[in-house]
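As the structure lists them, so they are numbered: ligands from 1, and atoms in each ligand from 1.
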Amino acid sequence: METMEFRSPYLLLTFLVLSLTALYFSPLNQIHFSIKLSSSSSSSSSSTTSSSTPHQTQNPEPEPDTQIVPDHVKQTKSNTERIEEDLARARAAIRKAIVTKNFTSDRNEIYIPRGSVYRNPYAFHQSHIEMVKRFKIWAYKEGDLPMAHNGPTTYIYSIEGQFIFEMETRPSPFMAQHPDEAHAFFIPLSVSKITDYQFRPHHETFFHRLVRIFKDYIFVIADKYPYWNRSSGADHFMVSCHDWASRIERKNHKLYENFMKVLCNANTSEGFKPTRDVSIPEYNLKAFNLGPPRLGQPPDKRPILAFFAGAAHGDIRDILFKYWKDKDGEVQVYENLDKKKNYHGLMGQTKFCLCPSGSEVASPRVVEAMYAGCVPVLISDYYAVPFDDVLDWNKFSVQIPPKRIPEIKTILKGIPHKKYLKLQKRVMQVSRHFELNRPAKPFDVFHMVLHSVWLRRLNFRLPVAI
Ligand SMILES: *[C@@H]1O[C@H](CO)[C@@H](O)[C@H](O)[C@H]1NC(C)=O
Ligand SMILES: *[C@@H]1O[C@H](CO)[C@@H](O)[C@H](O)[C@H]1NC(C)=O
Ligand SMILES: *[C@@H]1O[C@H](CO)[C@@H](O)[C@H](O)[C@H]1NC(C)=O
């Protein structure tokens with residue numbers, strides 16, 4: 001058997017985890033997962049790298065460490081061992097769900113994911129169940145307001161503050177009481193708030209300050225606690241919607257090599273790695289609102305083929321405006337929408353809502369389109385779409401590469417009505433995963449963000465001292 005050849009325990013573990021990855025991701029989405037773990041006993045990172053395609057891995061054997069361990073034995077175990085055992089049970093449950101095509105839960109399940117919008121609905125459902133049951137996150141207490149433990153809750157970076165509020169302020173049931181029981185660690189800094197307080201006047205030297213604030217924070221917590229060094233940061237994450245979040249990595253690539261960055265600006269050309277990092281949707285929230293208004297009409301009451309209104313940010317919009325601005329009755333593209341017209345109302349009367357990248361890859365229009373029951377049309381380069389591990393975007397959106405902008409009308413008109421109806425129905429179905437609730441509800445966007453972190457955490461193991 002192939003596994004016998006693995007001598008190092010870490011390689012063997014990596015292999016078992018890869019087996020799960022192989023089952024979890026659809027063959028279309030071949031992920032070459034490789035994560036580096038530093039040995040807990042040495043500060044130099046003695047790393048093991050392994051990669052494999054889903055086709056190469058064999059069916060996994062049931063894991064020995066999922067067996068019930070008697071309590072008296074348990075007490076002698078380290079916290080790290082307990083945490084890893086817990087995650088092993090979760091993996092085993094997910095694997096079982098994939099095989100049996102059903103779930104096991106000790107609660108009443110309010111929603112059962114089914115249908116083609118999910119890459120593997122059984123894996124996702126069980127994984128979500130296990131997450132709700134087990135996942136504990138420690139948010140570091142270090143850092144002061146206003147730049148830590150706080151973030152914007154309105155305007156386009158609002159998901160940053162909404163996440164921090166739901167996680168820490170409420171606080172969330174996912175919050176660990178003690179860092180020893182945590183599976184993952186949250187760095188509660190807000191790039192948007194740092195920008196507000198440190199970036200005046202707008203000047204290039206600001207970036208050094210942003211980089212320093214993050215680096216200092218990481219150094220403090222890595223020095224004070226054992227957790228960062230234990231995983232080289234692989235079970236640590238930050239959340240940001242600000243365009244500049246990716247800049248914290250500048251000149252510190254080694255430090256952040258494994259650190260999970262949960263970002264709106266998921267630009268794969270700027271260092272975003274879909275296997276390590278997490279892409280989250282952008283929301284343009286008004287005060288006291290947790291989402292855009294729902295003004296969607298039924299599919300047969302949508303006379304507009306395509307709609308866009310927004311500012312001329314970035315190259316892609318320049319091209320869009322060149323070909324379509326104020327030119328066509330069916331493809332309606334506006335730079336300045338008449339104040340008397342209702343933006344969300346128009347989306348609700350449109351079949352396909354154009355979501356071109358602006359000065360960053362993500363656009364709040366994706367969520368606005370979903371709330372309006374309008375099929376999102378993604379026009380972007382290098383954009384890693386949100387929740388791609390779980391959702392199959394081809395089933396509820398249209399993707400048009402920027403170079404085909406001149407053909408928008410032909411492409412959209414070429415979609416048969418029956419197919420449009422299917423896409424539209426699925427938009428309504430997946431919109432629950434893009435909803436913000438307070439408190440958060442299972443399967444909503446807060447849970448989807450955490451699930452993305454949970455999934456990445458399931459995909460590696462901490463070295464356990466023997
Ligand atoms: C799936 O599991 C649920 C709960 O465990 C059970 O009620 C249901 O009958 C099962 N369905 C099938 C088709 O086995
Ligand atoms: C973690 O590693 C850094 C760099 O090697 C070191 O300075 C720090 O003291 C370590 N932290 C702990 C808690 O040992
Ligand atoms: C994504 O990153 C690349 C490389 O930095 C850049 O050229 C491109 O403009 C970025 N995309 C957006 C929409 O910002």
Side-chain angles (χ1 to χ4, degrees), residues 37-46 80 93-94 96-114 121-123 125-126 128-130 133 140 142 156 179-180 185 207 215-236 241-247 249-250 252 254-259 261 263-274 277 279 282 310-320 354-366 378-385 399 401-403 405 465:
L37 292 179
S38 76
S39 158
S40 56
S41 55
S42 89
S43 56
S44 72
S45 58
S46 69
T80 313
I94 296 167
K96 185 175 158 218
I98 293 167
V99 174
T100 62
K101 297 198 184 324
N102 201 2
F103 62 95
T104 38
S105 172
D106 37 27
R107 300 180 329 147
N108 218 348
E109 288 301 306
I110 52 148
Y111 174 69
I112 298 178
R114 287 290 179 266
Y122 313 105
H125 189 200
Q126 196 65 44
H128 193 281
I129 291 172
E130 300 302 320
K133 187 164 145 190
Y140 283 105
E142 284 72 11
I156 58 169
D180 276 346
F185 296 81
F207 292 115
K215 201 169 136 192
D216 286 352
Y217 197 96
I218 302 292
F219 280 1
V220 166
I221 56 106
D223 204 44
K224 213 165 156 185
Y225 310 102
Y227 311 108
W228 176 277
N229 288 0
R230 183 175 70 171
S231 68
S232 303
D235 52 2
H236 284 56
C241 201
H242 199 280
D243 310 18
W244 294 332
S246 62
R247 299 213 181 202
E249 211 167 337
R250 274 183 170 187
N252 293 301
K254 191 95 193 82
L255 178 65
Y256 297 117
E257 201 173 1
N258 303 312
F259 182 43
K261 276 135 261 161
L263 308 178
C264 292
N265 193 10
N267 185 340
T268 56
S269 178
E270 285 178 350
F272 183 93
K273 286 199 192 129
D277 304 322
S279 170
E282 187 166 296
H313 294 153
D315 305 344
I316 294 175
R317 296 204 188 158
D318 286 347
I319 306 170
L320 183 70
L354 306 180
C355 309
S357 290
S359 27
E360 58 174 311
V361 286
S363 165
R365 284 167 191 80
V366 176
L378 308 181
I379 308 173
S380 51
D381 280 324
Y382 319 117
Y383 183 31
V385 290
Q399 305 194 25
K403 62 174 185 295
I405 284 174

Checklist entry - If we only count N/O pairs under 3.5 Å, is Lys224 in contact with ligand 2? => result no
Next on the checklist: Using ring centroids (six-membered ring only for Trp), state whether Tyr140 and His236 fall under 6.0 Å.
Outcome noted: yes
Item to check | Asn102-ligand 1 polar pair, N/O distance under 3.5 Å | outcome: yes
Checklist entry - Going by heavy atoms in the side chains, are Phe272 and Ser279 under 4.5 Å from each other? => result yes
Between ligand 3 and the protein, give all atom pairs where both partners are nitrogen or oxygen and the distance is under 3.5 Å, as lines of names plus distance to 0.1 Å.
residue, atom, partner, partner atom, Å
ligand 3, 2 (O), Asn267, OD1, 3.2
ligand 3, 2 (O), Asn267, ND2, 2.3
ligand 3, 2 (O), Glu270, OE2, 3.4
ligand 3, 5 (O), Glu270, OE2, 3.4
ligand 3, 11 (N), Asn267, ND2, 3.0

Item to check | Sub-4.0 Å atoms of ligand 2 with respect to non-hydrogen atoms of Ala222 | outcome: 1 (C), 10 (C), 11 (N), 12 (C), 13 (C)
Item to check | Close side-chain approach of Tyr225 to Phe185, heavy-atom, < 4.5 Å | outcome: no
Checklist entry - Of all heavy-atom pairs between Leu378 and Val366, which one has the smallest distance, and what is that distance? => result CD2-CG2, 3.7 Å
Item to check | Ser105 to Phe103 - nearest heavy-atom pair and separation | outcome: CB-CD1, 4.1 Å
Next on the checklist: Apply side-chain contact (heavy atoms from CB on, under 4.5 Å) to residues Ser359 and Asp243 and explain how you reach the verdict.
Outcome noted: CA-CA 8 Å; Ser359 27; Asp243 310 18; 4.2 Å; yes
Item to check | Contacting atoms of ligand 2, where contact means under 4.0 angstrom from a heavy atom of Asn229 | outcome: 1 (C), 2 (O), 3 (C), 8 (C), 10 (C), 11 (N), 12 (C), 14 (O)
Checklist entry - Using the ring of each side chain (for Trp, its six-membered ring), is His242 parallel, tilted or perpendicular to Trp244, with breaks at 30° and 60°? => result tilted
Item to check | Heavy-atom closest pair, residues Ser231 and Asn258 | outcome: O-ND2, 4.2 Å
Checklist entry - Would you say Tyr225 contacts ligand 2, with heavy atoms under 4.0 Å as the rule? => result yes
